[in-house]
Amino acid sequence: MLDLKLIRDDPEAVRASQRARQEDPGLVDEVLAADERRRAAIVTFERARAEQKELGRQVAQAQGDEKAALLARTKALSAEVKAADADQAEAGAAFAAAMGRLSNVTEPGVPAGGEEDYTVLEHVGQPREFDFTALDHLELGQRLGAIDTERGAKVSGARFYYLTGVGAQLQLAMLNLAMSQALAAGFVPVVPPVLVKPDAMEGTGFLAQAAENVYHLPEEDLYLVGTSEVPLAAFHMDEVLDAGSLPLRYAGWSTCFRKEAGSYGKDTRGILRVHQFDKIEMFSYVDPADAAAEHLRLLAWEKEMLAKVELPYRVIDVAAGDLGGSAARKYDCEAWVPTQGRYRELTSTSNCTTFQARRLRIRLRDGEGTRPLATLNGTLATTRWIVAILENHQQADGSVVVPAALRPYLGGQEVLKPVTT
RNA sequence: GGAGGCGUCGCCUAGUCCGGUCUAUGGCGCCGCACUGCUAAUGCGGUUUGGGGCUUCAACCCCAUCGGGAGUUCAAAUCUCCCCGCCUCCGCCA
């Protein structure tokens, strides 16, 4: 949710942001009109209500005929108050609905346009030259006895898989490495719930743009989270945090669930795009003035992790139209996937400024009073990284060299060897 | 799944039976002022959150807010219903 004051004071800035996102700039004027209607309804209601209360005080003290006369008046007034209240509630709901559809204002410098309009900020490392025919991650994973998509499909359907043997070990090693790094950086490790109530899912903004990708359990009215960003953001929902306690940094370890609706036929091979995966997610609560700097810190931690697994990658500044509605800016790190001949997203860090905190009613308290704080999130490792690790570190015999940083978490193994030929 | 108890503006708490100056009591904590070599103690005042009016700001005024929602009523912390959470006991269970 945006700051209403900003929309009133500088509606053109919000319209410009909407245009850059390829969303409707007219929504701004809809919000302003709805706000006026709402405020007028509030005034009408409050005036009637104040009169009702005043008369109520008189009724309490009056006796006999005087009381009967007052009651005649207050009865009529009661109906008036009820109608005004309903009108106010309706105007308020319409306003909230319009506000809810407005996306966050993008940060200056964010490239305008859609998915293909990103800016490449830098390349780190060189894609490797192979003097043999590189195998893709699934082929490698099967030879290593690490990935079993056939049984995944048998038991759970398409886009499900088993990680077995060194595959399971590799994932645990990578996530543990990520968690160790987060811990060293001062993050509070968290294992959160992955089923959340509508309030949490809605507050984090995932029932708006990403609703079609969210699993829902209708019987309990609970949602399966697509990222631990949801329970980490909702952790402090409805709270006022002391300014002195910021920044608060959490590292969540969770399984993530995504329906992947609308991606039929895309990335169907292997474990690049799946319904269920595991992830270490960083989440920060900071003073709004510190948000942009924190965003760069999250990016730096992601790069530190990518360096540890020795992958070539590039960093992109995601275009406005490809941002989530809550994000003001997003940086993705994309690793080179040799058999695809292109870069694929491994991490994503978003600065949600005060947008998400407003929806979740999370504020900070300092000497000045209370005001919304800023929230940010970023990926530290996910199951998908296995794709890039296997492919980039494969050898001609189908074995895979383990990056040095991972070895301590893999019982010292230096090379993962095929179990079949 | 069943039975019972509980939920009050940071924390604790009065009020709920029997609806009406509840404009929610008191204590603790915190902030300010006074007194004071300093500290402590004492005294006085302030201290939920959100919204609206008026506005340069502040002050001021108003409305809502007693776990959440709906209802009854001229009037709800108080009465009724539904939901949520916590505690105790029973049942069941990986």
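Scope of the values below: all heavy atoms of this structure, side chains included, with no hydrogens, waters or symmetry mates. Keep in mind that what you see is a predicted model, and the values were worked out from it rather than measured.
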In the structure shown, which nucleotide is the Watson-Crick or G-U wobble counterpart of [N], with both distances under 3.5 Å?
N	result
B:A40	none
B:A64	B:U49
B:C57	none
B:G7	B:C84
B:A76	none

To the nearest angstrom, how far is [X] atom [atom1] from [N] atom [atom2]?
X	N	atom1	atom2	result
A:Arg39	B:C62	CZ	P	21 Å
A:Asp221	B:C84	CG	C1'	13 Å
A:Asp85	B:G52	CG	C1'	14 Å
A:Gln88	B:G50	CD	C1'	12 Å
A:Glu54	B:U23	CD	P	12 Å
A:Arg38	B:G50	CZ	C1'	11 Å
A:Glu239	B:U49	CD	C1'	14 Å
A:Asp199	B:C83	CG	C1'	14 Å

Side chains of [X] and [Y]: is there a donor and an acceptor less than 3.5 Å apart?
X	Y	value
A:Lys279	A:Thr227	yes
A:Glu107	A:Asn351	yes
A:Gln171	A:Thr383	yes
A:Gln18	A:Arg15	no
A:Ser180	A:Tyr409	yes

So, A:Arg39 and A:Glu36, do they make that salt bridge, N to O below 4.0 Å?
-> no
Expressed in whole Å, how much space separates the [atom1] atoms belonging to [N] and [M]?
N	M	atom1	result
B:G7	B:C66	C1'	10 Å
B:U13	B:C92	C1'	39 Å
B:C30	B:A41	P	10 Å
B:A76	B:U65	C1'	14 Å
B:C17	B:U80	C1'	15 Å
B:A77	B:G20	C1'	13 Å
B:G53	B:G46	C1'	24 Å
B:C87	B:C18	C1'	29 Å

Is a donor-acceptor pair below 3.5 Å formed from side chain A:Glu46 to base B:G51, judging by atom type as modelled?
-> yes
The side chain to side chain donor-acceptor pair (under 3.5 Å) partners of A:Lys303 (sequence neighbours excluded) come to A:Glu122
Test ring pair (Phe, Tyr, Trp, His ring centres under 6.0 Å) applied to A:Tyr250 and A:Phe235, A:Phe187, A:Phe283, the passing residue = A:Phe235
Listing time: all N or O pairs from protein to nucleotides 55-61 of chain B that are below 3.5 Å?
none

Side chains of A:Ile7 and A:Leu32 in contact at under 4.5 Å (non-hydrogen atoms) = yes
Within a reach of under 6.0 Å around CD of A:Glu304, are more than 12 heavy atoms found that belong to other residues, nucleotides or ligands?
-> yes
Reading nucleotides 66-78 of chain B from 5' to 3' and marking B where a protein heavy atom lies under 4.0 Å of the base, S where only the sugar-phosphate is that close, and - otherwise, the string is ------S-BSS--
Return the 5'-most residue of the pair A:Lys197, A:Lys53 with respect to RNA chain B, ranking by each residue's nearest nucleotide.
-> A:Lys53
Taking for each residue the nucleotide of RNA chain B bearing the nearest heavy atom, is the 5' side occupied by A:Glu51 or by A:Leu55?
-> A:Leu55
Where the side chain of A:Thr370 is defined as all heavy atoms beyond and including C-beta, which of B:G50, B:C63, B:G52 is the nearest nucleotide?
-> B:G50
Have a look at A:Leu364 and tell me which of A:Pro288, A:Ser245, A:Pro372 forms a side chain to side chain contact (heavy atoms under 4.5 Å, CB included) with it.
-> A:Pro288
Side-chain N or O of A:Arg47 closer than 4.0 Å to phosphate OP1/OP2 of B:C62 = no
